[in-house]
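Quick note on labels: first sequence line is chain A, next is B, and so on, each numbered from 1. Note that the coordinates shown come from a computational prediction; the quantities given were computed from them, not determined experimentally.
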Amino acid sequence: MRRDLKGMEMMKEKLDLIKREALKQIEESNALERLNEIKVNYLGKKGELTAVLKSLKEVAPEDRPKVGQLVNETREEIEKLLEQAISKMEKMKRDALMKSETIDVTLPSKRAKLGHRHPNTLVMEEVERIFVGMGYEVVEGPEIETDYYNFEALNIPSDHPAKDEQDTFYISGDILLRTQTSPTQVHEMEKGNLPIRMLAPGRVFRSDEVDATHSPSFHQIEGLVIDKNITFADLKGTLAEFAKELFGEETKVKFRPHHFNFTEPSAEMDVTCFKCGGSGCRFCKGTGWIEILGCGMVHPNVLKMSHIDAEVYSGFAFGVGLERITLLKYEIDDMRLLYENDIRFLKQF
Amino acid sequence: MNTALSWIKEYVPELEVSAQEYTDAMTMSGTKVETYEQLDKNLELIFIGQITAIERHPDADKLIVCQVNLGDHSIQIVTGASNVAVGDKVPVVVDGGKVAGGHDGGPLPEKGIKIKNGKLRGVESFGMMCSVEELGWDQAMFPNAPEEGIYILPEDATVGSDAIEFLGLHDTVFEYEVTSNRVDCYSVLGIAREAAATFRKPFYAPKVAVSELNEKIEDYISVEVKDSDLCSRYCARVCKNIKIGPSPDWMQKRLRASGIRPINNLVDITNYVMEEYGQPMHAFDLDTIKGNKIIVKRADEGDVFQTLDGQDRNLDHEILMICDQEKQIGIAGIMGGENSKITDTVKTVVFESACFHGPNIRKSAKRLGLRTDASGKFEKGLDPYNAEAAINRACQLISDLGCGDVVGGMIDVKSALKEKNEIVFDAEKINKLLGTSIPEEDMLKTFEMLEIKYDQDTNLLMIPTFRQDLEGLADIAEEVARFFGYDNIPTTLPSGEATTGKLPFKVRVEEKIRDIVEFSGFSQGMCYSFESPKVFDKLLLPQGDVLRNAITITNPLGEDYSIMRTVALNGMLTSLATNYNRRNKDVRLYELGNVYLADQLPLTKLPDERMQLTLGMYGEGDFFTLKGVVEEMLESIGMKGKLVCNPESGKAFLHPGRQANMSYQNQVIGYLGEVHPEVADQYDIGTKAYVAVLDLPTVLQFASFDRKYVGVAKYPAVNRDISMVVPKSILAGQIEEVIEKRGGKLLEAFSLFDLYEGSQIEKGFKSIAYTISFRAQDRTLEENDVNAAMKKILNGLEEMGIELRK
């Protein structure tokens, strides 16, 4: 009995010693490798705790469970301490690594070199977006046209000065380069699918010499609405809405009487200058207003020629000069820049 | 059209508005005022003075000292002018006043020139006597002013009164933009009528009554119009005992303000009536007209005629001439002849007031290169009724101003003139078109102001002949709207059936293409559709190449813009060159634009317009970069199949060993390649450049935005590498075709991972290696499955004579 008791006491002391020694070693260790070594030395198959278990035979059989429990407790304690130490060590190691990985965040970036859309296209897409939202269908028409669609069907009789060679490029017979996007109106009306709400952007040609404000080739955006009970008031409302969308909620519009052969009554629309808001600046030549488009109620002759009953249907049409808006919107002072394709210009949009 | 406000007020005397109010209101009622100029803008404190004494300057030979009476006091003025004498009345600007310009007549300073008291060579001077240049004009506009020196005013000037008032310069000149339909507004009367209606003031037309001699015009002249298709009316009147002299002051003032130089009474009267009525008139010297007969007929081809400016003009058969019995004496509606022009010794004048065919005049003037004030008016198509009114007005002025005596009667040769237009009045329809509810009475008031008469019994509106633009109810609606005010029309949105906004498939595909090529670094350019025929040589296109069949513009801006492009490359290469020569690095551009292909030339029907996507680049990247961009772009528009490149593309403008036609599902959709070095030289691009062109109509046949989900693989793939040595003549594409065709259902993908030519490999051969991966959707592959598939591939390669590297 005494001997047994003594064996038990000795075991306790021995375990205590092991624990203290392990603790000390853990505290003193300064590398992960050392901690792993400690783990093997104490907890491994040939480690000290295993050795203690192996010497259980020296303990009285009735004490063995108790001693076994003690051994396990000691093991758990050492394991816990080791784990803590390891994770602390790992953290230190990672911190050190990251510290060494510090970069100069102010160095230049590596960019995907994106291309840029042409400013004309940006404006064109914006206008399309606005009108598609109002229920308009975008359509296209041919750039090489017949006299009939470009002039006659638009109520421009054969002797009209607009047909003069000065303005129109002719090809042969009655074939010419369209001088306006308005022929698309006629094509659309001839299809006979009413009501019509269409928007037709496209390239047009006029024989103007190239300079800062003229180009023999430019773009227009044509709009046409045909339905029952379409009024001049609807024209005003629609285009006022368009101007607000394109130039901002504050934009005001002004309609001035004008003349186009294919509309009656006709108007030109001015918007409050989007640079100065209407107080007058160099963009609006001090007037506070900028002329943006021509418009009007579709002329009854035009409806008739396209086989639409002018007694039942009415409509309005408008035409916007795309380049004019592009130049104004982006403050581009020379139209030639739009066709030069200098990458330093294009990259700004 | 420039007109002084004072002239407008002659017919609308109750008009009292500021220049800005006038500008705004007229613009909003449809007569757009472009700009206006206040003639007295920089003329202040200028009075009429009379020189009472002149002494020599004690210290300067070229200066004199004048005492000038200003009515209630006298001042001393030192001047260098040599044309003044005691008793002369002169414009005098006093201390604190302003003049418009310097005595040299140079450009006028924006804010004028301030005048202050000062000393000239020690003698005090309290003002300045003015020349016309200092008043802001020149001698041409004031024919009674001296070429140089102080403007000596006429005897009747009142000493001490406002000189600017006396000279008629307290006035504002407005410049109008008149629309082409409003021929009537190219006249002071037309504008005045609009002003009266705009401000709702009464309009008083001039009262014309001609006092005639008791003689018959038929005894003086006869008129025959042979080509009445070009002359719907020819009125002639004769004035005799002509006394040439200056026109009265009031007439000179008005002409001057309109930018017209006063010449003499006869010329001034015709110019005055042209401004007032918008009707050009011509005056012939009756003594130069042979046979006392005027004949209006077409010229003969090849005739040469000297116009009154001394120039010889080559005529053709479409030019209408005024002739006498022997010769041509004027080009109708454009310019009179040297042989019949009025001189200071003229005794008897024949006035012509006619209505010529507008389009003919326009075309003739253009062919002759001779556009005159008269032709500019005739070409708009004048009101034949106005011709009579204007000639009578001119004769009235001749007699009233003591310029001559009017012979009784008028010769009037006319074809059937257009009837007055009548339009059925329908207030409800007008309101329905405008979206307004304007009362009928208000509309009728507007018509009254516009001299449109309304007949209640027939409900017809009688349109005055000067309003040729009013043809139907829509035109009447515009008149109503203009004077109701466009501003006062409500703003609404269209009611009615809702429509769906949409973009056509083509436009959607183009948007997607723009997105992808921009992500790939390409920026969008825009090029002209027309170019020079020299382009084909620059592109090395062989003679007879179908692309040389370009559509030609008959009236181009010049050879450089004379043909419609058949190939989109020229614009791209030109743009690349522009960038290259401006030292821009790594340039990538794209363009979406049409080429125009003709079935046959000359065109008998509309050509095929084909949208092309053109990509061009130099700098970073090569052939395969560009090929990759095309593949990426095609995939994004739903073309996931293989893009096949065939080197047998035969493009003369591309490097013969670095070009390919691109095919999709056995159809050629475009080509790509390195620009031929010789072409690059032609365009002055000093580096390798690459281009790709895709024909969008063909691409669109395959494009789609439909996407279907395919299950993500659950089972692992098995990879096999093969490496082979093949003759250089065998293309990677041929090997890939075998892998693709023979790989079977299990083939998932393959990729080239090694390509080597060089010292380790026999000459004329290359080493090429692929990783091929297999996968089944429903199971993990077994060795046998893969072996079987591989065997088929290898057999296929062996059939091509390819051996695997062991």
### Query
Can you check side chain to side chain contact (heavy atoms under 4.5 Å, CB included) on B:Gln524 and A:Leu346, steps first, answer last?
CA-CA 7 Å; B:Gln524 186 184 14; A:Leu346 296 173; 6.0 Å; no
### Query
Quick one: does B:Pro494's side chain get under 4.5 Å of A:Arg197's, heavy atoms only?
yes
### For B:Thr499 against A:Gly135, the heavy-atom pair lying closest together
OG1-O, 2.8 Å
### Message
Report which part of A:Ile171 has an atom under 4.5 Å of a heavy atom belonging to chain B: side chain, backbone, both, or neither.
### Response
both
### Query
Of the backbone (N, CA, C, O) and the side chain (C-beta and beyond), which part of B:Glu379 lies under 4.5 Å from a heavy atom of chain A, both, or neither?
neither
### Message
Counting C-beta onward and ignoring hydrogens, is there a side-chain heavy-atom pair between B:Leu601 and A:Ser172 closer than 4.5 Å?
### Response
no
### Query
How many angstroms lie between atom CZ of A:Phe169 and atom OG1 of B:Thr552, to the nearest 0.5 angstrom?
13.5 Å
### Query
Below 6.0 angstrom between ring centroids: does that apply to B:Phe530 and A:Phe205?
yes
### Query
Looking at CD of B:Glu471 and CG of A:Asn155, how far apart are the two atoms once the value is rounded to the nearest 0.5 Å?
7.5 Å
### Task
Side chain from CB out, backbone as N, CA, C, O: work out which of these in B:Pro607 comes under 4.5 Å of a heavy atom of chain A, or both, or neither.
side chain
### Under 4.5 Å from a heavy atom of chain A, the part of B:Leu589 involved
side chain
### Task
Can you measure from CD (A:Glu143) to CG (B:Asn594) and round to the nearest 0.5 angstrom?
4.5 Å
### Query
Taking everything shown except B:Lys32 itself, do over 12 heavy atoms lie less than 6.0 Å from its NZ?
yes
### Query
Quick one: does A:Arg117's side chain get under 4.5 Å of B:Asp515's, heavy atoms only?
yes
### Contact origin within B:Phe519 toward chain A - heavy atom pairs under 4.5 Å
both
### Task
Mind running side chain to side chain contact (heavy atoms under 4.5 Å, CB included) on B:Lys429 and A:Glu311 for me, showing each step along the way?
CA-CA 10 Å; B:Lys429 253 192 196 169; A:Glu311 293 296 317; 2.9 Å; yes
## Note on the structure
OH (B:Tyr590) and NE2 (A:His118) are apart, to the nearest 0.5 Å, by 9.5 Å
### Query
What residue in B:Glu511, B:Arg182, B:Lys380 has the most heavy-atom pairs under 4.5 Å with chain A?
B:Glu511
### Task
Check B:Ile551 against A:Ile144 and note the closest heavy-atom contact, atom names and distance.
CD1-CD1, 4.1 Å
### Message
Is A:Phe131 close to chain B through its backbone or its side chain, or both, or neither, when contacts mean heavy atoms under 4.5 Å?
### Response
neither
### Message
Under 4.5 Å from any heavy atom of chain A, what part of B:Glu497 do you find: side chain, backbone, both or neither?
### Response
both
### Query
Which atoms form the tightest heavy-atom contact between B:Asn555 and A:Tyr170, and what is the distance?
OD1-N, 2.8 Å
### A:Ile196 portion near chain B, given a 4.5 angstrom heavy-atom threshold
neither
### Message
For B:Asn579 versus A:Ile343, what's the shortest heavy-atom pair and its separation?
### Response
OD1-N, 2.8 Å
### Task
Against chain A, label B:Glu591 side chain, backbone, both or neither, depending on which of its atoms sit under 4.5 Å from a heavy atom there.
side chain
### Message
Please evaluate residues B:Ser529 and A:Arg203 with respect to the criterion side-chain hydrogen bond (donor to acceptor under 3.5 Å, both in side chains), reporting the C-alpha separation (whole Å), side-chain torsions for both, the decisive distance (0.1 Å), and the verdict.
### Response
CA-CA 9 Å; B:Ser529 308; A:Arg203 193 173 273 216; 2.8 Å; yes
### Summary
Under 4.5 Å to a heavy atom of chain A? For B:Leu493 that would be both
### Query
Which bit of A:Lys113 comes within less than 4.5 Å of chain B, counting heavy atoms only: side chain, backbone, both or neither?
both
### Query
If you tally heavy-atom pairs under 4.5 Å against chain A, which of B:Ile489, B:Asn360, B:Asn431 wins?
B:Ile489
### Query
Which atoms of A:Ala267 come close to chain B, meaning under 4.5 Å heavy atom to heavy atom: side chain ones, backbone ones, both, or neither?
both
#### Entry: Heavy-atom contact with chain B under 4.5 Å, split by part of A:Phe255
both
### Task
Measure distances from B:Arg514 to the heavy atoms of chain A and classify the residue's part below 4.5 Å as side chain, backbone, both or neither.
both
### Query
Does atom CD of B:Glu428 have more than 12 heavy-atom neighbours, drawn from other residues, nucleotides or ligands, at distances under 6.0 Å?
no
### Task
Under 4.5 Å, counting heavy-atom pairs only, tell me which of B:Gly496, B:Pro602, B:Pro504 racks up the most with chain A.
B:Pro504
### Query
Heavy-atom distance under 4.5 Å to chain A: side chain of B:Thr574, backbone, both or neither?
neither
### Query
Between the side chain of A:Glu264 and the main-chain N/O of B:Glu478, is any donor-acceptor distance below 3.5 Å?
no
### Task
Can you tell which part of A:Thr263 gets under 4.5 Å to a heavy atom of chain B, answering side chain, backbone, both or neither?
neither
### Message
Counting heavy-atom pairs closer than 4.5 Å to chain A, which one of B:His357, B:Glu479, B:Lys506 comes out on top?
### Response
B:Lys506
### Query
Looking at A:Ala112, A:Gly173, A:Ser266, which one has more heavy-atom pairs under 4.5 Å with chain B than the rest?
A:Ser266
### Task
Please state whether the side chain, the backbone, both or neither of A:Phe316 comes within less than 4.5 Å of a heavy atom of chain B.
side chain
### Query
If you count heavy-atom pairs under 4.5 Å between each of A:Asp227, A:Leu235, A:Thr231, A:Val253 and chain B, which one has the most?
A:Thr231
### Query
What's the spacing between A:Trp289 CH2 and B:Thr27 OG1 if we round to 0.5 Å?
12.5 Å
### Message
Would you compute the distance between atom CG of B:Leu557 and atom CD of A:Glu209 and round it to the nearest 0.5 angstrom?
### Response
5.0 Å
### Message
With a 4.5 angstrom heavy-atom cut-off, is it the side chain or the backbone of A:Pro300 that approaches chain B, or both, or neither?
### Response
side chain
### Summary
Interface check, chain A: of B:Gly381, B:Cys527, B:Gly558, B:Gly485, most non-hydrogen pairs under 4.5 Å belong to B:Cys527
### Query
Which residue out of A:Glu140, A:Lys228, A:Met198 racks up the most heavy-atom pairs below 4.5 Å with chain B?
A:Glu140
### Task
Locate the shortest heavy-atom distance separating B:Gly525 from A:Asn341; write the atom from each residue and the value.
CA-OD1, 3.2 Å
### Message
With a 4.5 angstrom heavy-atom cut-off, is it the side chain or the backbone of A:Thr287 that approaches chain B, or both, or neither?
### Response
neither
### Query
Do you know which of B:Thr604, B:Leu603, B:Thr578 has the most heavy-atom pairs with chain A at a distance under 4.5 angstrom?
B:Leu603
#### Entry: When A:Gly237, A:Ala233, A:Pro142, A:Gly133 are compared by non-hydrogen pairs under 4.5 Å with chain B, the top option
A:Ala233
### Query
Does a sphere of radius 6.0 Å around NZ in A:Lys254 hold more than 12 heavy atoms from other residues, nucleotides or ligands, not counting ones at 6.0 Å or beyond?
yes
### Query
Any ion pair linking B:Glu177 and A:Arg256 (charged N to carboxylate O, less than 4.0 Å)?
no
### Message
Could you check whether any side-chain N or O of A:Lys236 sits under 3.5 Å from a backbone N or O of B:Tyr486, counting only pairs where one atom can act as donor and the other as acceptor?
### Response
yes
#### Entry: Interface moiety of B:Ser520 toward chain A, non-hydrogen atoms closer than 4.5 Å
backbone
### Query
Of the non-hydrogen atoms in A:Pro216 and B:Tyr528, which two are nearest, and what is the gap between them?
CD-OH, 3.7 Å
### Task
Quick one: which of A:Val139, A:Asn120, A:Leu338, A:Val225 has the most heavy-atom pairs under 4.5 Å with chain B, could you say?
A:Asn120
